[in-house]
Amino acid sequence: RKWAFPVQGQIRGSPAIAPDETIHFGSTDERLYALNRDGTLKWTFTGRSSFGGSSPALASDGTVYMGNTHNFLYAMEPNGSNRWTYSTTTHFDAPLAIDVDGTIYAPGANSSLYAVNPDGTDRWRYLTLAPIFAGPVISGNGTIYVGSDRLYALNRDGTLKWTFTGPIRGTPAIAQDETIYVPSTKLYALDPNKTVLWEFAGRTSERFGTPVIGPDGTIYVNTDNGR
């Protein structure tokens, strides 16, 4: 290994790497870390609770967004100063997504997807019927997909476009041709109008995780049954 950086808690989310190769991640020790590429500390920010389950999201202007388990969503400058703090009544413990206009989509533990403007003000909130365990994904046509008790396809203004069978425990993957690969008790391939192109069934009671699309179009996906 090249290096290891010790923290006082657990790192449960994935790191995010900026164009300048700064590495950002959160920990259950209530800190958000930024490291240089050689593993030395660039800066750290102490929040009001654990950053354990979420992962940072990086905007094109270098802003770092991160939610924690004490009802706060933080916007950080590239130098580690706090630009703003968004407070609500639930915690953020799943990955965020950032739209091309800078809107931040944050899944809350209260079954709601929050849309927050780049200045930290509310844009809209959409309530699903069950907890959201994975991050949303945005298609090239602007549709926001988020999984909960089912797959929700939302317009940019927060209105519902359509829903598809669930439950969904992973983040859908979107191909260049806008095919949506939806992980549930089966792996589904949908077109943007939710027509089922094909489906793949695993073993009985097996649930699929977040799929990944390879350069040649191959879909790789794990299950909760050791595969």
Practice task
Measure the shortest side-chain to side-chain distance between Thr89 and Asn110 over non-hydrogen atoms and say whether it is less than 4.5 angstrom.
Solution key: yes
Exercise for the section: Return yes if some donor-acceptor pair links the side-chain N/O of Thr22 with the main-chain N/O of Ala34 below 3.5 Å, else return no. Expected result: no
Exercise for the section: Could you state whether Ile180 and Trp198 fall into the same hydrophobic cluster, counting links through intermediate Ile, Leu, Val, Met, Phe, Trp or Tyr residues with side-chain heavy atoms under 4.5 angstrom apart? Expected result: no
Practice task
Could you tell me how the ring of Tyr74 sits relative to the ring of Phe72: parallel (under 30°), tilted (30 to 60°) or perpendicular (over 60°)?
Solution key: tilted
Problem - Verdict with reasoning, Asp122 to Trp124, per side-chain contact (heavy atoms from CB on, under 4.5 Å) - result: CA-CA 6 Å; Asp122 283 302; Trp124 50 258; over 6 Å; no
Practice task
Please work out which of the three classes, parallel, tilted or perpendicular, describes the rings of Tyr114 and Phe92, given edges at 30° and 60°.
Solution key: perpendicular
Handout entry: Shortest non-hydrogen contact from Pro183 toward Tyr181
Key = CD-O, 3.6 Å
Problem - Test item: Asp191 side-chain N/O and Asn193 main-chain N/O as donor-acceptor pair under 3.5 Å - result: yes
Handout entry: Residues Asp101, Arg123: salt bridge by 4.0 Å N-O rule
Key = yes
Fill in the blank from the handout: Interatomic distance, CD1@Ile104 vs CE@Met66, rounded to 0.5 Å, equals 14.5 Å
Practice task
Mind telling me whether Phe25 and Phe5 have parallel, tilted or perpendicular rings, with 30° and 60° as the class edges?
Solution key: perpendicular
Handout entry: Partner of Tyr152 under ring-ring contact (aromatic ring centres under 6.0 Å, His included), chosen from Tyr145, Tyr126, Tyr105
Key = Tyr126
Handout entry: Option among Val221, Val182, Asn222 that satisfies the side-chain contact (heavy atoms from CB on, under 4.5 Å) test with Phe208
Key = Val221
Handout entry: ILVMFWY cluster, Leu129 and Ile132 together (side-chain gap under 4.5 Å)
Key = yes
Handout entry: Any donor-acceptor N/O pair, Thr179 side chain to Ala189 backbone, under 3.5 Å
Key = no
Exercise for the section: Quick one: closest heavy-atom pair of Ala106 and Leu73, and the distance? Expected result: CB-CD2, 4.4 Å
Problem - Beyond-backbone contact of Ile98 with Ser60, side-chain heavy atoms, under 4.5 angstrom - result: no
Handout entry: Trp162 reachable from Tyr188 in the ILVMFWY side-chain graph, under 4.5 Å edges
Key = yes
Problem - Spatial distance of atom OG (Ser27) from atom CD (Gln8) [nearest 0.5 Å] - result: 8.5 Å
Exercise for the section: Could you go through the side-chain contact (heavy atoms from CB on, under 4.5 Å) check for Leu127 and Ser111 one step at a time? Expected result: CA-CA 6 Å; Leu127 181 64; Ser111 306; 4.1 Å; yes
Exercise for the section: Please step through side chain to side chain donor-acceptor pair (under 3.5 Å) for the pair Arg207 and Thr223, ending with a clear verdict. Expected result: CA-CA 5 Å; Arg207 289 182 178 179; Thr223 73; over 6 Å; no
Problem - Min side-chain heavy-atom separation Pro56-Leu32 under 4.5 Å - result: yes
Exercise for the section: Count the heavy atoms belonging to other residues, nucleotides or ligands that lie under 6.0 Å from CZ of Arg37, then report whether that count exceeds 12. Expected result: no
Exercise for the section: Check whether the side chains of Asp216 and Thr218 place a donor and an acceptor atom closer than 3.5 Å, and report yes or no. Expected result: yes
Problem - Interatomic distance, Ile138 atom CD1 to Asp99 atom CG [nearest 0.5 angstrom] - result: 4.0 Å
Problem - Stepwise side-chain contact (heavy atoms from CB on, under 4.5 Å) check, Arg12 with Thr28 - result: CA-CA 8 Å; Arg12 297 174 181 168; Thr28 58; 3.9 Å; yes
Problem - Leu154 vs Thr143 side-chain heavy atoms within contact, under 4.5 Å - result: no
Problem - Expected output: side-chain Lys194 to main-chain Thr163 donor-acceptor under 3.5 Å - result: yes
Exercise for the section: Report yes or no: do Ile174 and Phe164 belong to one cluster of Ile/Leu/Val/Met/Phe/Trp/Tyr joined by side chain heavy-atom distances under 4.5 Å? Expected result: yes
Practice task
Report yes if the side chains of Glu178 and Asn141 come closer than 4.5 Å at any heavy-atom pair, otherwise no.
Solution key: yes
Fill in the blank from the handout: Sequence neighbours excluded, the answer for salt bridge (charged side-chain N to carboxylate O under 4.0 Å, His left out) partners of Asp38 is none
Exercise for the section: Looking only at non-hydrogen atoms, find the nearest pair between Pro78 and Asp61 and report the distance. Expected result: CG-O, 4.2 Å
Exercise for the section: State plainly whether one hydrophobic cluster holds both Leu187 and Leu151, where clusters connect Ile, Leu, Val, Met, Phe, Trp and Tyr through side-chain heavy atoms under 4.5 angstrom apart. Expected result: no
Exercise for the section: Keeping the roles fixed (side chain from Thr128, backbone from Ala130), state whether a donor-acceptor pair exists under 3.5 Å. Expected result: yes
Completion exercise
Note: Trp3 and Asn36 closest approach over all heavy atoms is CZ2-O, 4.3 Å
Exercise for the section: Dump the intermediate steps for side-chain contact (heavy atoms from CB on, under 4.5 Å) on Met76 and Phe45, then the final yes or no. Expected result: CA-CA 9 Å; Met76 309 299 299; Phe45 172 78; 3.4 Å; yes
Completion exercise
CZ of Arg125 to CG of Leu113, rounded to nearest 0.5 Å, is 10.5 Å
Practice task
Please report the shortest heavy-atom distance between Ser184 and Pro167, naming the atom on each side.
Solution key: OG-O, 2.7 Å
Completion exercise
When every non-hydrogen atom of His91 is compared with those of Asn68, the smallest separation belongs to CB-O, 3.5 Å
Practice task
Consider only side-chain N and O atoms of Arg150 and Thr165, and report whether a donor and an acceptor are under 3.5 Å apart.
Solution key: no
Problem - Ring centre gap for Tyr33 and Phe51 strictly below 6.0 Å - result: no
